[in-house]
Amino acid sequence: MATIKDVAKLAEVGVGTVSRSLSGNGGVSAKAQQRISQAMHQLNYRPNSFARALSTQRSNIIGVWLPSLSGSFYQHILHAIELELRRHDKHLILANAEGAGSNEACLQHLDYLIRRDCDGVLMVCPEMAVSDLLSAQASYPPLVFINHSVDLLSAESFSVDHYLGGKLAAAALLKQGHQNIACITGRLSAQDAQQRQQGFVNELARQDRPINPRLVIEGSFDFEECRAAIHQLLSSGLAFDALFCGNDKVALVALSMLQSAGIKVPQQVAVLGYDNVDFAAYASPPLSTISIPIEQMASAACRRVLNMAYDLQLTIPKVESPRFIARASTP
């Protein structure tokens with residue numbers, strides 16, 4: 001197996017020059033760089049990542065903190081991050097904080113990533129307290145937040161305009177002529193759920209169609225809790241002709257349970273989801289939804305942490321606004 005000394009000998013340069021070429025630190029002439037590259041190719045030399053990390057004092061690893069691995073939403077985020085890191089020859093370590101019952105427990109998962117010498121960390125953390133996020137960022141600067149707006153860290157927080165998303169949902173259902181609109185939210189302890197619900201309720205009120213509070217059920221995105229929330233709504237005896245769900249997973253369960261109960265979608269009850277994840281177009285009937293730029297949000301956040309950790313100058317795109325996608329689950 002070829003060594004760095006073999007590369008240096010074939011390229012007719014010193015070992016230190018090859019080392020600088022590999023690490024990117026220090027000047028290497030274009031001619032020397034060309035000879036080094038040719039020698040590496042000829043010898044089939046593969047740099048040792050551990051040795052490179054020692055020389056650069058960087059691990060080339062970005063940590064990713066997630067509150068759960070369940071659901072397409074987080075899969076879309078991970079996919080976008082992994083693609084962005086791969087483009088820049090970086091890797092990821094994942095911390096799954098599912099089941100962490102307190103902010104303190106959540107921060108222990110962040111500590112897990114820091115102790116593994118991650119050069120930066122991305123956190124998808126809509127339910128964490130802003131004070132804890134500010135404290136974490138102050139002690140560990142290469143930290144960027146996804147799906148959470150932190151006013152004091154606007155450059156390091158990337159989210160979607162969920163308030164607008166909620167408004168668009170209400171406006172779409174009202175435009176279709178619905179009178180009694182029900183809603184199953186996500187956990188309202190989460191910032192995105194709060195913003196989405198506030199936009200939805202405010203738009204209904206603005207158009208003189210205030211929602212019946214008894215038709216609003218706080219749920220979560222666990223399948224069993226989705227079923228329980230929809231069962232509660234169906235058992236309430238309250239009439240409703242449209243249902244807005246906090247994400248597409250809830251809407252998928254709603255489609256199944258409504259139709260099992262003999263309720264036709266969309267003829268009797270229209271169903272509107274949120275996120276526009278991959279399965280939405282293949283539901284039965286295909287699901288109308290509010291599309292949010294999940295992967296664009298994650299990619300922008302990833303570029304920001306790469307800039308911070310590696311002194312890069314990657315362009316960070318502006319996260320687009322939500323939009324209504326009409327399919328067959330609404331008239």
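Note that the coordinates shown come from a computational prediction; the quantities given were computed from them, not determined experimentally.
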What's the verdict on side chain to side chain donor-acceptor pair (under 3.5 Å) for Gln198 and Gln194, showing C-alpha distance, side-chain angles and the deciding distance? CA-CA 6 Å; Gln198 197 62 56; Gln194 293 172 16; over 6 Å; no
Phe200/Phe244 aromatic ring centres below 6.0 Å: yes
Under the side chain to side chain donor-acceptor pair (under 3.5 Å) criterion, do Gln197 and Thr185 qualify, and how do the steps go? CA-CA 7 Å; Gln197 183 66 6; Thr185 74; 5.5 Å; no
How long is the gap from CD1 on Ile292 to OG on Ser321, to the nearest 0.5 Å? 11.5 Å
Same cluster (ILVMFWY, side-chain, under 4.5 Å), Leu69 and Leu83: no
Mark yes when over 12 heavy atoms from residues, nucleotides or ligands other than Arg327 sit less than 6.0 Å from its CZ; otherwise mark no. yes
Can you confirm whether more than 12 heavy atoms, excluding those of Gln313, are under 6.0 Å from its CD atom? no
Any chance you could measure Gln296, atom CD, to Phe158, atom CZ, to the nearest 0.5 Å? 11.0 Å
Hey, could you give me the CG/NZ distance between Asn60 and Lys90, rounded to the nearest 0.5 Å? 3.5 Å
Around atom CD of Glu12, are there more than 12 heavy atoms of other residues, nucleotides or ligands at under 6.0 Å? no
Count the heavy atoms of every other residue, nucleotide or ligand shown that sit under 6.0 Å from CZ of Arg214, and state whether that count exceeds 12. no
What I'd like to find out is whether the side chain of Pro142 reaches to under 4.5 Å of the side chain of Val121, using heavy atoms alone. no
Do Val160 and Leu188 land in one hydrophobic cluster if side-chain heavy atoms of ILVMFWY residues count as linked below 4.5 Å? no
Please tell me if the side chains of Phe240 and Ile181 come closer than 4.5 Å, counting only heavy atoms from C-beta onward. no
side-chain contact (heavy atoms from CB on, under 4.5 Å) with Leu92: of Leu85, Ile61, Leu113, Leu122, only one passes, and it is Leu85
Within one Ile-Leu-Val-Met-Phe-Trp-Tyr cluster: Leu287 and Ile294, side-chain cutoff 4.5 Å: no
Quick one about Glu127 and Ser189 (side-chain donor to acceptor, distance below 3.5 Å, no hydrogens or angles considered), yes or no? yes
Would you say the side-chain atoms of Asn180 and Asp241 include a donor-acceptor pair closer than 3.5 Å? no
Between the OG1 atom in Thr289 and the CG atom in Asp248, the distance rounded to the nearest 0.5 Å is 3.5 Å
Close side-chain approach of Ser159 to Ser149, heavy-atom, < 4.5 Å: yes
Should Glu218 and Arg187 count as an ion pair when the cut-off is N to O under 4.0 Å? no
Could you tell me which non-hydrogen atom of Gln259 sits nearest to which non-hydrogen atom of Ser284, and how far apart they are? NE2-O, 3.1 Å
With a sphere of 6.0 Å drawn around NE2 of His88, does it hold more than 12 non-hydrogen atoms of other residues, nucleotides or ligands? yes
State whether Phe223 and Lys249 meet the cation-pi test: NZ (Lys) or CZ (Arg) under 6.0 Å from the six-membered ring centroid, and within 45° of the perpendicular axis. yes
For the atom pair CG (Leu173) and OG (Ser288), what is the distance rounded to the nearest 0.5 Å? 8.5 Å
Would a 4.5 Å heavy-atom cut-off, applied to side chains only, mark Ile36 and Val7 as touching? yes
Given Leu314, Asn307, Leu312, the one that forms side-chain contact (heavy atoms from CB on, under 4.5 Å) with Tyr310: Leu312
Pair Asp117-Ser59, side-chain donor/acceptor within less than 3.5 Å: no
Is Leu152 reachable from Met308 through a run of hydrophobic residues whose side-chain heavy atoms are each under 4.5 Å from the next? no
Counting only heavy atoms not in Arg87 (residues, nucleotides, ligands), do more than 12 fall under 6.0 Å from its CZ? yes
Heavy atoms, side chains only, cut-off 4.5 Å: are His178 and Pro331 in contact? yes
Check the side chains of Asp278 and Ser72 for a donor-acceptor pair under 3.5 angstrom, ignoring hydrogens and angles. yes
For the residue pair Tyr274 and His162, does the interplanar ring angle fall in the parallel (under 30°), tilted (30 to 60°) or perpendicular (over 60°) class? tilted
Regarding Gln38 and Gln42, do their side chains bring together a donor and an acceptor under 3.5 Å, going by distance alone? no
I want to check something: taking the side chain as every heavy atom from C-beta on, are Ile325 and Ile290 in contact at a cut-off of under 4.5 Å? no
Do Tyr112 and Tyr74 belong together in a cluster built from hydrophobic side chains that touch within less than 4.5 Å? no
Would the distance check show the side chain of Ser135 and the main-chain N or O of Ser131 forming a donor-acceptor pair, the cut-off being under 3.5 Å? no
Keeping the roles fixed (side chain from Ser260, backbone from Ser256), state whether a donor-acceptor pair exists under 3.5 Å. yes
Please examine the side chains of Leu94 and Trp65, heavy atoms only from C-beta on, and report whether any two atoms are closer than 4.5 Å. no
Roughly how far apart are His231 NE2 and Ile217 CD1, rounded to 0.5 Å? 10.5 Å
